Amino acid sequence: MKRLVVIFAILVSSLFSIESKADLEIVITEGTNSARPIAIVPFAWTGAGEAPYNFTEVVSSDLIRSGRFKPIAIEQLPSRPANDADINDYSEWARLGVEAVLVGTVSQFAAGRYEVSYQLIDPLRGQITGGLSQYIEDEGLVSEQDHILDGRTSVVLASQFRQYAHRISDVVYEALTGERGAFLTRVAYIFVEKGAERPYQLIVSDYDGENARVLLRSPEPLMSPAWSPDGTKLAYVSFENKRSEIYIQDIYTTEREKLTSFPRINGSPAWSPDGSKMAMVLSKNGAPDIYVMDLATRELKQITNHWRIDTEPKWTPDGKSLVFTSERGGLPQVYRVDLDTAKVRRITFNGRSNLGGVVTPDGKGLVMVNRDAGAYHIARQDFPTGNFHPLTQTSLDESPSIAPNGSMIIYSTMHGNKQVLALVSMDGRFQARLPSRAGDVKAPAWSPFL
Amino acid sequence: MKFSPLVRASVLAISAMTLAACSSTSDDASGTSAATTSEAQQGQGVETGAADRILTPAEQRAQEREEKRQRYADLRQERVIYFDFDNASIRGEFAEILAAHADYLVRNPSMTVVIEGHTDERGTPEYNIALGERRAKSVVDYLQSLGVSAGQMTMVSYGEEKPVVRQSNERAWAQNRRAVLVY
């Protein structure tokens, strides 16, 4: 993580002008009624003057964007406690209907270093135990602090404020949902800046579109960014030599190497969950087929062999099979191939056709692009029930990619004659758009946990 | 329709005048000096005419070749052919353009051409790369059937990545579904 910060700091100055154009901004298009109220109290600053950073603003945005929480307005807070000890009356917080209260303090630790401590408090539990702490202590059954769901203190560099704020969001999210937060993750995507000399750009930003960094600019198209499971490398397709080739680039050192340059299509790279293999599409033998390359030996194994199109391989989380799109039945549908037995089975049957399938991190569902009545929408299908859920109403949706905790899908869609990125929660109830300020944004790939 | 004798007579008269006018103009084209000499030798009131030249079969073929060469050269300026949605078959209207390119490539075996395949924005980018290649391939196969050697042609599919019209409507899509021959 330290290495990351250092290299990013170097990149910031040189790429500042590019960054401002490529930055994304989230617009929530569909809220959810099931979002749970939560109180986020602005962290107290013990120093003089203005606080060095607004941690709670970032945490609030994160929690709103998860679709699961609804922070209440700051003006409605009964007081501004800096920690649990500052809260005299839990009932006035309980009355707000919030299930948790986040409080915190920031103080100067050394030059450029700050101590941040925070606590997540359950006001209902506090209301019960706060008044009866003596009784509980005598019984020796529970700690008198059990209304504090989580609490941490860390020393943070000024340059790491935003990252640390996302870390707090992760802690809050996990404490309240039991599910790991994905706020400290990134998204890789392709940005096309119309009219620029090198319009095609490979960009990595925070999951919320902040801190966009250009990793590569090219006069020719770039496609299909895919993360290595350790989150340090991206594989992608570049047409810089007027043909498709697969490259691997280290996102911190900028080191890149050409992985494949076979005749015709070199496309759709996908790293195996253990990072040792790369699934890809090659058409060197005729029609596009699925191949798997051993990254250490560069040995290539052909997985499918069909005269019609096979493409878009994605690994199942166990690494034992691939899902892919095939036209072998006439129209494109998603199939699964077992890598040991080479047995192929069709898995989608809804609508006219289905493409771009991705298996959810728990292996219990498939997210795909469903084509029906001329429209392309993101949909989810559950295994093994086969239950089918259309998730989006946007237009010409493609390239779905799932957050590593399985809570959210990022995809590319058309809005106002421009390609933009959009988010939809796994249940379809929360939807947001991430418009770019200029140009088309596409092919999003959500990073693993970093 | 019935015409009175007077009208019929005047129509005939006008026709005769027109014919006379025509023949005198064609005479002018064949040369006034010849007409003057023949008038002097053969007396007044005669006119001479010339027949169209009849080309020898060889000359005829050469002329046709030249015309075809010119037409093919014009057709070769067209380097883009268009496809139907989700379809890679060559439409009849592009047969002659491709014949013109094939003719050129057959006569210039050292010349190579890159055939780019493109799609509209609908469908996923990866599927469109495959579909774009299928379009490029169908052009390659067509040219090969006209005698172009496989070694003269390479294919590259850009899928939906390089649209000519950056819009989302039927007209834009129709213009983006294309194969381009790049020499």
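Numbered from 1 within each chain, the chains take letters A, B, ... in sequence-line order. Please read all numbers here as calculations on a predicted model, not as lab measurements.
Contact annotation for B:Glu116: neither backbone nor side-chain heavy atoms come within less than 4.5 Å of a heavy atom of chain A. With a 4.5 Å cut-off on non-hydrogen atoms, B:Asp86 touches chain A through its side chain but not through its backbone. For A:Ile265, the parts lying near chain B are the backbone and the side chain together; criterion is any non-hydrogen pair under 4.5 Å. Contacts of A:Leu222 with chain B are made by backbone atoms alone, with heavy-atom separations under 4.5 Å and no side-chain atom involved. A:Lys242 touches chain B through backbone and side chain together, each having a heavy atom under 4.5 Å away. Of the atoms belonging to B:Glu133, it is side-chain heavy atoms, and not backbone ones, that fall under 4.5 Å from chain A. Proximity to chain B (any heavy atom under 4.5 Å) is restricted, for A:Thr311, to the side chain, taken from C-beta onward. Looking at A:Arg371, the atoms closer than 4.5 Å to chain B (heavy atoms on both sides) all sit in the side chain, from C-beta outward.
Ranking A:Ser395, A:Ala443, A:Ser244, A:Pro332 against chain B, the residue ahead of the rest is A:Pro332, based on heavy-atom pairs under 4.5 Å. Put simply, of B:Ala136, B:Ala130, B:Gly159, B:Gly132, the one with the most heavy-atom pairs under 4.5 Å next to chain A is B:Ala130. When the candidates A:Lys194, A:Glu220, A:Glu398 are compared by the number of heavy-atom contacts under 4.5 Å with chain B, A:Glu398 comes out ahead. For chain B, the option among A:Ser224, A:Gly356, A:Ser268 with the highest count of heavy-atom pairs below 4.5 Å is A:Ser268.
A donor-acceptor pair under 3.5 Å is formed between the side chain of A:Gln381 and the backbone N or O of A:Ile347. Of the possible donor and acceptor atoms, one in the side chain of A:His377 sits under 3.5 Å from a partner among the backbone N and O of A:Thr394.
Geometrically, B:Arg122 does not engage A:Tyr376 in a cation-pi contact, judged by NZ or CZ lying under 6.0 Å from the ring centre and within 45° of the ring axis. With a 6.0 Å cutoff to the six-membered ring centre and a 45° limit on the axis angle, B:Arg178 does not count as a cation-pi contact of B:Tyr82.
You'll find the ring centres of B:Tyr104 and B:Tyr72 outside the 6.0 Å limit.
A salt bridge between B:Arg166 and A:Asp440 is present, with a side-chain N of the basic residue lying under 4.0 Å from a carboxylate O of the acidic one.
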- Task: Please test B:His101 against B:Tyr183 for ring pair (Phe, Tyr, Trp, His ring centres under 6.0 Å), starting from the C-alpha separation and ending with a verdict.
- Result: CA-CA 10 Å; B:His101 286 281; B:Tyr183 284 97; 5.7 Å; yes
- Task: Decide yes or no on side-chain hydrogen bond (donor to acceptor under 3.5 Å, both in side chains) for A:Ser321 and A:Thr316, but give the supporting numbers first.
- Result: CA-CA 6 Å; A:Ser321 53; A:Thr316 53; 3.1 Å; yes
